[in-house]
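A quick write-up on the structure given underneath.
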Amino acid sequence: MMAHEAVRQGTLGRLAAVPHRFFFLAGVVQLAIVSLWWAWTIGARTLPALPALPSAVPDTVLHALLMLTGFCPLFMFGFLFTAGPRWLGVDAPPPAVWLPPGLLAVTAVLAIVPLQLAGPGAAGAVRVAAAGYAAGWVWLALRFLLLLRASAATDKVHATLVLVALAAGAGAVAAFAVAGPSAFAWMKTVALWGFLLPAFVVVCHRMIPFFTASAIPFVSAFRPWWLLAAMFGAPVAHGVLDAAGLARWTWWVDLPAGALMLWLTVRWGLAQSLKNRLLTMLHIGFLWYGIGFALSGVDALMMQAGGSGIAPAPLHALTIGFASSLLMAMVTRVSCGHSGRTLAADALTWRLFQLLQLVAVLRVAAVVLPGNVGLAAAALLWAAVWVPWVARYAPLYWRARADGRPG
């Protein structure tokens, strides 16, 4: 189905014809569901008047699965099947290529929270849904691999590395589907260090210097290949050490990586970007990458010295500060651009992004705050950020473009 035909056919036609519309809508719906579920779950632990929700599998396990792999891949596939063909110099794939596996993945992942709320008897059903999600994920990755192999582009490195990260993420979900909560530690390590961080940082290497150089005079697009190797290799090396039981030694990776990424934040033009909200969102998000690695290095050194460490702090600096900030920035940019609107963060989006930074700070600081104060505040504010953001951008995916163009 061609994009201009989808315009005439209305909402369903547009969703079924344009990859980013379909996947981004599914992604924002899942993001809102997961955010509300977790806010209620944490709220019930803190507020006696709030009844606890039923759980098919331990809430902490499902929290890790969904926050690391439960919605980001949907945005990634929407991006890959929309921008990916231009990266690779190939024709955009027809809906028959991405829609069937997309429907499988989306149907399965959207079922996970409702099945979780069915209670202990639904534990097997949650794992079946995860298996369906992993299967749809692998199917989509294979479809993108075919595009990659058909490409004659001289630069296929970024697309290849994203595909490698996606394969690791699918493996993490499949591990949960097969082994359930007993796979928690392995699933979390692979999902974070093998999938989420590598995938995001590859896109950062390609897009942040390009967007910055395009918008700001006198800032050059600095993205040498050795830098990509360091950006991608740091989380992978950390994950390998962690999986090998050498978490106390990850500071050998984390501290140099943190220093390099903090320097890179300056080199890429953080200070120069501050007059452009959408660009600032990208740069501040990337700033958290260096902060997260620095905190992880401190955590490892504390454990090396016999202390208990600050384990939740670097994890959430990287997931909330880095990945979530970049998710908001990148999805906002693509949503505006592909809906025929100005490439800009409006006042609501900017305020929500600022609130997201507070969420990151609170969750990082929760390690030193009394009781569950930081955790509860972060969970509630997380939902307060994402639900309005979803309400703001979800309609763009089923509406026609503002400029009347197809797509």
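Atom set for the values below is all heavy atoms of this structure, side chains included, hydrogens, waters and symmetry mates excluded. Index from 1, following the sequence. Bear in mind that the values here come from a model prediction, so they are computed numbers and not experimental data.
The neighbour count for Asp403 CG, taken as heavy atoms of other residues, nucleotides or ligands under 6.0 Å away, is above 12. In the displayed structure, Trp263 atom CH2 is contacted under 6.0 Å by more than 12 heavy atoms of other residues, nucleotides or ligands. Within a 6.0 Å radius of CH2 in Trp350, other residues, nucleotides and ligands contribute more than 12 heavy atoms.
Within the 4.5 Å cutoff, no side-chain heavy atoms of Arg363 are placed close to those of Trp382. Residues Asn276 and Ile216 have side chains not in contact (no heavy-atom distance under 4.5 Å, counting atoms from C-beta outward). With a 4.5 Å cut-off on side-chain heavy atoms, Arg399 and Ser339 do not count as touching. You'll find the side chain of Trp37 reaches within 4.5 Å of the side chain of Gln116, heavy atoms only. Contact annotation: the side chain of Leu278 never approaches that of Phe353 to less than 4.5 Å [non-hydrogen atoms, C-beta and beyond]. Residues Leu264 and His205 have side chains not in contact (no heavy-atom distance under 4.5 Å, counting atoms from C-beta outward). Looking at Val236 and Trp193, their side chains never come closer than 4.5 Å, going by heavy atoms from C-beta outward. Using a 4.5 Å heavy-atom threshold, the side chains of Trp288 and Ile291 count as touching.
Ring geometry for Phe322 versus Phe286: interplanar angle over 60°, hence perpendicular rather than tilted (30 to 60°).
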Point to revise | side-chain hydrogen bond (donor to acceptor under 3.5 Å, both in side chains) evaluation trace for Thr332 with Trp389 | key: CA-CA 9 Å; Thr332 297; Trp389 182 83; 3.2 Å; yes

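Between His338 atom NE2 and Arg401 atom CZ the span is 7.5 Å, to the nearest 0.5 Å. Taken to the nearest 0.5 Å, the CD1 atom of Ile208 stands 8.5 Å off from the CG atom of Leu279. Rounding to the nearest 0.5 angstrom, the gap separating the CE atom in Met302 from the OG atom in Ser308 is 5.5 Å. Interatomic distance, Leu301 CG to Leu255 CG, rounded to the nearest 0.5 Å: 5.5 Å. Put simply, NE2 on His20 and CG on Leu396 are 8.0 Å apart, with the number rounded to the nearest 0.5 Å. In this structure, the separation between CG on Leu166 and CG on Leu80 is 6.5 Å, given to the nearest 0.5 Å.
The cationic atom of Arg223 (NZ for Lys, CZ for Arg) does not lie both less than 6.0 Å from the six-membered ring centre of Phe210 and within 45° of the ring axis. Figure legend: cation-pi geometry between Arg206 and Trp87, with NZ or CZ positioned under 6.0 Å from the six-membered ring centre and within 45° of its axis. Cation-pi geometry between Arg21 and Tyr397 is not met: the NZ or CZ atom fails to fall both under 6.0 Å from the ring centre and inside 45° of the normal.
Aromatic rings of Phe75 and Phe23 (six-membered ring for Trp) have centroids beyond the 6.0 Å cut-off, not under it. Here the two rings, on Phe195 and Trp137, have centers that are under 6.0 Å apart. Centroid-to-centroid, the aromatic rings of His158 and Trp225 come within less than 6.0 Å.
Scanning all heavy atoms of the two residues, the minimum distance from Tyr393 to Cys336 falls at CE2-SG, 4.1 Å. Counting all heavy atoms, side chain and backbone alike, Leu36 lies closest to Ala383 at CD2-CB, 4.4 Å.
Looking at Tyr289, its side chain does come within 3.5 Å of a backbone N or O of Met231 through a donor-acceptor pair. Panel note: side chain His63, backbone Val34; no donor-acceptor pair is recorded below 3.5 Å. Side chain of Ser151 to backbone of Leu147: no donor-acceptor contact under 3.5 angstrom is found. The backbone N or O of Pro51 sits less than 3.5 Å from a side-chain atom of Trp40, completing a donor-acceptor pair.
In this structure, Arg143 has no salt bridge (Lys or Arg N to Asp or Glu O under 4.0 Å) partners at least two apart in sequence or on a different chain. Under the rule for a salt bridge (Lys or Arg N to Asp or Glu O under 4.0 Å), the partners of Arg392 that lie at least two apart in sequence or sit in another chain are Asp346.
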